[in-house]
There are 2 protein chains.
Amino acid sequence: MSSPQEDCARDLLEVVPLVTRSIRTELRQHRTQELSVPQFRTLLFLRHKPGTSLIDIANHLGLTPPSTSKMVDGLVSRDLLTRHICENDRRRIAIKLTEKGDKSLDFAIEATIQSLTKRISTFSPERIETLSCALQILREAFPETEISICNKPLQKSF
Amino acid sequence: MSSPQEDCARDLLEVVPLVTRSIRTELRQHRTQELSVPQFRTLLFLRHKPGTSLIDIANHLGLTPPSTSKMVDGLVSRDLLTRHICENDRRRIAIKLTEKGDKSLDFAIEATIQSLTKRISTFSPERIETLSCALQILREAFPETEISICNKPLQKSF
DNA sequence: TATTGTTATACTCTATAACTATA
DNA sequence: TATAGTTATAGAGTATAACAATA
């Protein structure tokens, strides 16, 4: 026997991977600015929490510190992030977006949003409204992060 | 300036990765039966198209044939799939779920659905209804595959 | 000659374990 | 002794290129 909740969960399991694939493809497509999903999420997180430590990023992404360290390495060498020792606790590093990182993030966000917008552009206002409501509901059900891509930096420096 | 479509796309980009993470974690959690998302999708595809060739699976997943071959290798060695040469075209292989593969797939589907159901179990019937509608809309917008996890095999053999 | 699948090789992303520096 | 971060190493998952078998 299945409940409406279960039917809905089944639909989630079917539909969500399709949307994810589309997002991943779009993010990875932009040649020099190419980002993986975790790289993208890191830049986004740093826009909202500039100066964050490695551990905080690792926790946010659900990755181990070594994996996160390596990923940050790559982003630093691409000049998208900077890493500086915190003076009040010299074990920690303060990680920030560079200007280039900030631009790459904007670029990735805009390109991906345009691509997603195209997918839903033919739908009626009512259907768009239904979608929007549903996404707010899902946001409540999966509250692991509260980061928004709408708003620019909360604080520009730490 | 942003349109309702664009706002909705922005929400998609924020919310969908959260749900994906939850699905991936659940699929990967079941010790001996652990599956990656592409492995899961392969088993699901084979339930609906038993006897499918390697190329067809590769196209379905959006992977290259070598990557797909290697993944199928792994699933065969775990006794979840069988591989046989097609007699009418000896270049092709017919890939099928084993009984164990079939059970693993059921197990993965059920565990994941239960986990997702739990996430949305506290919502009102109206909100569940909104979610369900939205998922049908998304299904139209991202129609890359028509595979359903609700229905058991269309044909049990090829 | 074209198609199906595999092998060889390499790169990215992830992990665990062991390490350094600092608190 | 505990914490933040890195290095070393290994495994999964992906790709491209080159190959074998078949059509």
Side-chain angles (χ1 to χ4, degrees), chain A residues 17 20-21 24-25 27-43 46 49 51-78 80-96 158, chain B residues 17 20-21 24-25 27-43 46 49 51-78 80-96 158:
Chain A
T20 298
R21 182 161 33 146
R24 181 184 299 121
T25 302
L27 281 176
R28 300 221 66 136
Q29 223 166 34
H30 298 290
R31 327 268 168 270
T32 61
Q33 311 284 33
E34 177 178 308
L35 295 171
S36 69
V37 173
Q39 285 168 345
F40 174 75
R41 294 184 60 224
T42 299
L43 298 189
L46 285 167
K49 307 240 182 205
T52 282
S53 69
L54 190 85
I55 285 272
D56 288 341
I57 295 178
N59 288 338
H60 173 69
L61 297 177
L63 295 180
T64 59
S67 299
T68 310
S69 178
K70 207 169 158 190
M71 187 186 57
V72 167
D73 258 4
L75 293 171
V76 167
S77 72
R78 285 166 67 187
L80 302 179
L81 300 184
T82 59
R83 216 171 359 186
H84 289 103
I85 291 171
C86 280
E87 279 315 320
N88 32 342
D89 182 345
R90 297 178 49 74
R91 290 172 306 181
R92 288 178 161 265
I93 55 174
I95 305 172
K96 292 180 188 172
F158 190 56
Chain B
T20 297
R21 184 164 29 147
R24 179 183 301 120
T25 302
L27 280 176
R28 301 222 65 138
Q29 224 167 34
H30 299 290
R31 325 271 169 268
T32 62
Q33 311 285 31
E34 178 178 307
L35 295 171
S36 68
V37 173
Q39 285 167 346
F40 174 75
R41 295 185 60 224
T42 299
L43 299 189
L46 285 167
K49 307 240 182 207
T52 283
S53 70
L54 189 85
I55 284 273
D56 288 342
I57 294 177
N59 289 337
H60 173 69
L61 297 177
L63 295 180
T64 58
S67 299
T68 309
S69 178
K70 205 172 156 188
M71 187 187 56
V72 167
D73 259 5
L75 293 172
V76 167
S77 73
R78 286 166 66 186
L80 302 179
L81 301 183
T82 58
R83 215 171 1 188
H84 290 103
I85 291 170
C86 279
E87 278 314 320
N88 33 340
D89 181 346
R90 298 179 47 75
R91 288 172 308 184
R92 288 179 161 266
I93 55 173
I95 305 171
K96 292 179 188 171
F158 191 55

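Numbered from 1 within each chain, the chains take letters A, B, ... in sequence-line order. Here the structure is a predicted model, which is why all the values come from computation and not from measurement.
- Taking 4.5 Å as the limit, some side-chain heavy atom of B:Leu61 sits within range of a side-chain heavy atom of B:Met71.
- As a whole-Å value, the separation of A:Ile57 CD1 from D:dA4 C1' is 13 Å.
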### Task
Tell me, with the steps shown, if B:Arg83 and B:Asp73 meet side chain to side chain contact (heavy atoms under 4.5 Å, CB included).
CA-CA 9 Å; B:Arg83 215 171 1 188; B:Asp73 259 5; 2.8 Å; yes
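- Protein atom CD1 of B:Ile85 is 14 Å distant from nucleotide atom C1' of D:dA23, rounded to whole Å.
- The separation between A:Ile55 atom CD1 and D:dT3 atom C1' is 8 Å, rounded to whole Å.
- Here the side chains of A:Val37 and A:Thr20 are not in contact, with every heavy-atom distance at 4.5 Å or above.
- Distance, B:Arg78 CZ to D:dG11 P: 16 Å, rounded to whole Å.
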Check: protein-nucleotides 12-16 of chain C nitrogen or oxygen pairs below 3.5 Å:
from, atom 1, to, atom 2, distance (Å)
C:dT14, O4, A:Lys70, NZ, 3.0
C:dA15, OP2, A:Thr64, N, 3.1
C:dA15, OP2, A:Thr64, OG1, 3.0
C:dA15, OP2, A:Ser67, OG, 2.8
C:dA15, N7, A:Ser67, OG, 3.2

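- A:Ala58 and A:Thr68 get closest at one heavy-atom pair: CB-OG1, 3.3 Å.
- What separates CG of A:Asp73 from P of D:dA8 is a distance of 12 Å, to the nearest Å.
- Listed by chain and number, the residues in a side chain to side chain donor-acceptor pair (under 3.5 Å) with B:Ser69 amount to none (sequence neighbours excluded).
- Phosphate proximity of C:dG5 to B:Ser69: absent, as no side-chain N or O sits under 4.0 Å from OP1 or OP2.
- The two residues B:Pro65 and B:Ile55 have their closest heavy-atom pair at CG-CD1, 4.2 Å.
- The nearest pair of heavy atoms linking A:Leu46 to A:Ile95 is CD2-O, 3.3 Å.
- Between A:His60 and B:Arg21, the shortest heavy-atom distance links the atoms O-NH1, 3.7 Å.
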Is there any protein nitrogen or oxygen under 3.5 Å from a nitrogen or oxygen in nucleotides 21-23 of chain C, and what are the pairs?
from, atom 1, to, atom 2, distance (Å)
C:dA23, OP1, A:Arg90, N, 2.9

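- For the pair B:Phe40 CZ and D:dA12 C1', the interatomic distance rounds to 19 Å; values are reported in whole Å.
- Rounding to whole angstrom units, CZ of residue B:Arg83 and P of D:dA21 are separated by 17 Å.
- Put simply, the side chain of B:Asp56 reaches to within 4.5 Å of the side chain of B:Arg92, judged on heavy atoms.
- Atom NE2 in B:His84 sits roughly 16 Å away from atom C1' in C:dG5 (whole-Å rounding).
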